[in-house]
Amino acid sequence: MHWIDRVAKTLLKQSKTHVIASGISVSGHIHIGHCNDVFIADGVRRALEELGGEGEAFWYADDFDPMRRIPWPLNEGELAERYKQYLGVPYIDIPSPDPKYKNFVDYFARPFIESLDDFGVDVKVYSGAEIYRSGEMAGPIRIALEKADKIRAILNRYRSKSLPEDWLPYDALCERCGKLATTRSYSWHDNYVSYRCEESDYVDGCGYEGEADFTKGQGKLTWRVEWPARWKLLGVTCEPFGKDHAVVGGSYDTGKLIAKQVFGYKAPYPVPYEWVSLKGMQMSSSKGVVFTLPQWLEIAEPELLRYFIFRSKPMKAKDFDPGLALLDLYDEYDLMEQVYFGMVEVGARKKEQFRRIYQISQLHETPKRPVQRVPFRFAAVLSQVMRDEKQTIKVLTSRGMLTDPSEFDIKLALRRLSCAQNWVPKHAPERLRFKVAETLPAEAARRLTQKQKQGLTQLAADISSRDFTPVELHNHIYQLAQKIGLKVPELFKAIYLVLLGRESGPRAGSFISVLDKEFVISRLKEVTS
RNA sequence: GGGCCCGUAGCGCAGUCUGGCUAGCGCACCGGCCUUUUAAGCCGGGUGUCGAGGGUUCGAAUCCCUCCGGGCCCGCCA
């Protein structure tokens, strides 16, 4: 059984309806590693509904947290200087570097939120700042302040250095300097928390002393208390979260105790997950080691990211490599699809596994009929020579990659080709890239021997006199070389030289047959003219 | 100090939750074939102490314990 179904089943034993939370601090670009959060939350919701339960999933932007580090690309050049003043300030109060966006949060979060739909993720979106400012959080805050001693005792169980006696679980927003990271709260009455703006480990405060109205969003609960407060407020019953929170004595452990003992609420069912690395490097929004959802859509279909996330268990580390390894991801996905439709036989257990992962990888409904796919490896070659859609479809049809294609099949094929077209220049290794020379490469032509020229001329004549399939053409090149007494590799070299300006290239037979016939003939003839 | 993940063929991995067909897959490699294969040829081949040791069991890559090696996370920020 797939783990997502096991989670759903466990939840259903407790109750029929569930609220699944996900969320992330908007501390920079939101990357595919962060997607585990929403994708799993939404996945659990779907599994729950399939099993007859009801679920709602949401994504919560932690946009009221203070900025601890200036994220890439704002940490470069003069921007860095400009953004330094916002250290310790809540993300929501920081301006956008680009006027097209409302603010810092909009700048980083919007591309992510707008992409979710493309990946079939259906979640309600919350803003932490809005929830605080609307006063919705006032109830839990009051409880937390009243039971500050209890909370302090719980936290102290996991701390080596105890929290001060007058500690309060509340971070006030400094009325004068706008920082949230620098204040220390020491007492409260009615709706107000008294604070002093002192310092944090990364930025100095302004020394101001004041009172914050906690019913108006003039501050927030400290993370370890905020999390359980949120569970209570939104009725969260399940939540996926990164392994950093899952550690013993970490925020889930304390959150669980606080939920129970302070808010009288049962902590949600946890689904801890591992992080995603990028080419072996830890993804980091502050350093700019990121790969985002919009970037994904440029080079791969959304189903592939879902597959990437759901194919292995949540606590298994995943590494994404947009280079050569992407080809394998494509192939694996296609294979899984073929197994699903019974076009490829595998063992019963594997088949069941593939079946479920394939379903989960779909944005919505699972296709009823087999989907016609262009292998991505081939798409990578074709994308470099295709001229227009009509010719492209013709090539694909003649190769048997599309058979009597529906409009849907054609759409998918073209989408994959467009992914390949984006992928090749950005991520493919050099040896997979080539460019058909616009005009006969003069330097290359000069290097040709008489025999080679003769071979090319003859080839031009043969191509114009009859039609070859790719394989026939490839074989024909061999025969031709032998017939005129030329070493086989010499003829291949000649072909690549006049077409690409280099000595090697994609398999000649198939390569030539995707090119425009008249173009090839005239180019081959050109060497002797 | 604590937690998690990984260790299976030359390389990359699946299989471990739920013990059971002869331990699989991709790439690489080797051999053969089509009078020929430069980046979609075809056919055949597994090259393995499943990190080590112990235990449970009729039966262990799979469950339990100990240890070794590698990686990540947390250590009072979130």
Side-chain angles (χ1 to χ4, degrees), chain A residues 1-3 5-6 23-25 27 62 64-69 88 128 155-163 171 180-181 200-202 220-227 241-254 272-275 277 280 282 311-319 321 324-325 327-329 331-332 335 344 346-350 353-354 374-382 384 399-401 428-429 431-434 470-471 473-483 487-489 491-493 495-496 500 502-511 514:
Chain A
M1 194 193 292
H2 194 273
W3 55 269
D5 294 318
R6 205 168 319 126
I24 171 181
S25 183
S27 58
D62 279 307
F64 205 34
D65 292 356
M67 177 170 78
R68 314 188 81 245
R69 250 185 305 192
L155 295 181
N156 280 343
R157 277 160 56 179
Y158 297 96
R159 297 173 64 97
S160 51
K161 202 169 73 190
S162 289
L163 291 161
D171 297 330
L180 192 137
S200 75
D201 52 347
Y202 58 93
K220 66 189 285 293
L221 289 169
T222 184
W223 166 249
R224 282 190 186 243
V225 183
E226 175 179 276
W227 205 16
F241 48 84
K243 61 174 176 179
D244 50 335
H245 294 303
V247 169
V248 169
S251 47
Y252 182 75
D253 271 6
T254 54
Y273 60 83
E274 249 286 358
W275 294 353
S277 52
Q282 194 61 248
R311 67 175 166 173
S312 59
K313 284 174 234 168
M315 276 305 277
K316 257 193 102 133
K318 301 173 239 313
D319 182 58
D321 180 353
L324 219 45
L327 298 177
D328 294 332
L329 194 69
D331 287 350
E332 277 177 38
L335 174 66
V344 172
V346 294
R349 210 156 162 169
K350 188 100 188 164
Q353 225 166 34
F354 270 179
V374 179
F376 192 74
R377 279 166 215 277
F378 180 73
V381 175
L382 183 54
Q384 296 179 75
R399 298 303 194 77
M401 282 170 187
R431 67 186 176 84
L432 292 184
R433 288 183 228 167
F434 61 85
V471 174
L473 183 55
H474 200 93
N475 292 341
H476 184 76
I477 294 168
Y478 269 83
Q479 288 165 4
L480 176 60
Q482 288 169 343
K483 200 169 108 192
K487 278 188 181 151
V488 171
L491 186 53
F492 276 105
K493 266 189 210 168
I495 291 168
Y496 294 125
L500 301 172
R502 51 191 246 196
E503 292 192 346
S504 62
R507 237 166 235 281
S510 54
F511 176 47
V514 297

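Every chain is numbered from 1, with letters handed out A, B, ... down the list of sequences. Only heavy atoms go into these numbers, but all of them, side chains included; no hydrogens, no water, no symmetry mates.
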Next item on the list: Toss me the dot-bracket line for RNA chain B: Watson-Crick and G-U wobble, both under 3.5 Å, 5' to 3', using | for pairs to another strand and [ ] for crossers.
Entry: ((((((((.[[[[.)....(...]]]].(((((.......))))).....[[[[[..)....]]]]])))))))....
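A 4.5 Å side-chain heavy-atom check between Lys220(A) and Asp65(A) finds at least one atom pair inside the cut-off. Side-chain contact between Arg157(A) and Asp253(A) is absent, with no heavy atoms from C-beta onward closer than 4.5 Å. Contact check for Ile495(A) versus Phe511(A): no side-chain heavy atoms found under the 4.5 Å cut-off. The closest side-chain heavy-atom distance from Asp244(A) to Trp275(A) is below 4.5 Å. Annotation: side chain of Phe434(A) is in contact with side chain of Arg502(A) (closest heavy-atom distance under 4.5 Å). When side chains are defined from C-beta on, Lys318(A) does not count as touching Tyr273(A), because their heavy atoms never get closer than 4.5 Å.
Taking the C1' atom of each, rA40(B) and rG51(B) are spaced 39 Å apart, rounded to whole Å. Nucleotides rG26(B) and rC73(B), compared at atom P, are 34 Å apart to the nearest Å. Nucleotides rC11(B) and rA28(B), compared at atom C1', are 7 Å apart to the nearest Å. Separating the P atom of rC65(B) from that of rC4(B) is a span of 11 Å, rounded to the nearest Å. Spacing of P atoms, rC68(B) relative to rA23(B), comes out at 31 Å, to the nearest Å. For the P atoms, the distance linking rG32(B) with rG24(B) amounts to 26 Å, nearest Å. Separation of the P atoms belonging to rC29(B) and rU66(B) is 44 Å when rounded to the nearest angstrom. Between rG71(B) and rC27(B), the two P atoms lie 30 Å apart (nearest whole Å).
For Tyr158(A) and Ala317(A), each mapped to the nucleotide of RNA chain B holding its nearest heavy atom, the one lying further toward the 5' end belongs to Ala317(A).
Distance, Arg69(A) CZ to rC77(B) C1': 10 Å, rounded to whole Å. The CG-C1' distance, from Asp244(A) to rC5(B), rounds to 14 Å in whole Å. Rounded to whole Å, atom C1' of rC4(B) lies 13 Å from atom CG of Asp253(A). Rounded to whole angstrom, the span from the OH atom of Tyr252(A) across to the P atom of rC4(B) amounts to 15 Å. Residue Glu332(A) contributes atom CD, which lies 10 Å from atom P of rA14(B) at whole-angstrom precision. Counting to the nearest Å, the C1' atom of rC13(B) and the CG atom of Asp319(A) are 13 Å from each other. Nucleotide rC25(B) holds its C1' atom 15 Å from the CG atom of Leu329(A), rounded to whole Å.
Annotation: Arg69(A), atom CZ; neighbour count of heavy atoms from other residues, nucleotides and ligands within 6.0 Å does not exceed 12.
Annotation: side-chain contact (heavy atoms from CB on, under 4.5 Å) contacts of Ser27(A) (sequence neighbours excluded): Ser25(A), Tyr91(A), Ser285(A). Partners of Val247(A) by side-chain contact (heavy atoms from CB on, under 4.5 Å), not counting sequence neighbours: none found. Applying the side-chain contact (heavy atoms from CB on, under 4.5 Å) criterion to Arg159(A), with sequence neighbours excluded, gives Leu155(A), Asn156(A), Leu163(A).
For rG71(B), neither phosphate oxygen OP1 nor OP2 lies less than 4.0 angstrom from any side-chain nitrogen or oxygen of Gln282(A). Contact between the side-chain N/O atoms of Thr222(A) and the OP1/OP2 oxygens of rA78(B) is found at a separation under 4.0 Å.
A donor-acceptor contact shorter than 3.5 Å is absent between the side chain of Thr222(A) and the backbone of Arg224(A). Remark: side-chain polar atoms of Tyr158(A) are not paired, donor with acceptor, to backbone N or O of Val248(A) under 3.5 angstrom.
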Atom pairs, protein N/O to nucleotides 16-20 of chain B N/O, distance under 3.5 Å:
residue	atom	partner	partner atom	Å
rC17(B)	O2	Arg6(A)	NH1	2.4
rC17(B)	O2	Arg6(A)	NH2	2.3
rC17(B)	N3	Arg6(A)	NH2	2.8
rU18(B)	O4	Met1(A)	N	2.5
rU18(B)	O4	Met1(A)	O	3.4

Please produce a list of atom pairs where a protein N or O lies less than 3.5 Å from an N or O of nucleotides 32-39 of chain B.
residue	atom	partner	partner atom	Å
rU36(B)	O2'	Tyr478(A)	OH	3.3
rU36(B)	N3	Asn475(A)	OD1	3.1
rU37(B)	O4'	Tyr478(A)	OH	2.7
rU37(B)	O2	His474(A)	NE2	3.1
rU37(B)	O2	Arg507(A)	NH1	3.1
rU38(B)	OP1	Tyr478(A)	OH	2.9
rU38(B)	O2'	Gly505(A)	O	3.2
rU38(B)	O4	Pro489(A)	O	3.4
rA39(B)	OP2	Arg507(A)	NH2	3.1
rA39(B)	O2'	Arg507(A)	N	2.6
rA39(B)	N7	Gly505(A)	O	3.2
rA39(B)	N6	Ser504(A)	OG	3.0
rA39(B)	N1	Arg431(A)	O	2.3
rA39(B)	N1	Arg502(A)	NH2	3.4
rA39(B)	N3	Arg431(A)	O	3.4

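Comparing atom distances between the Val248(A) side chain and each of rA78(B), rG2(B), rC5(B) picks out rG2(B) as nearest.
Annotation: the span from Arg433(A) atom CZ to Gln384(A) atom CD amounts to 8.5 Å, rounded to 0.5 Å.
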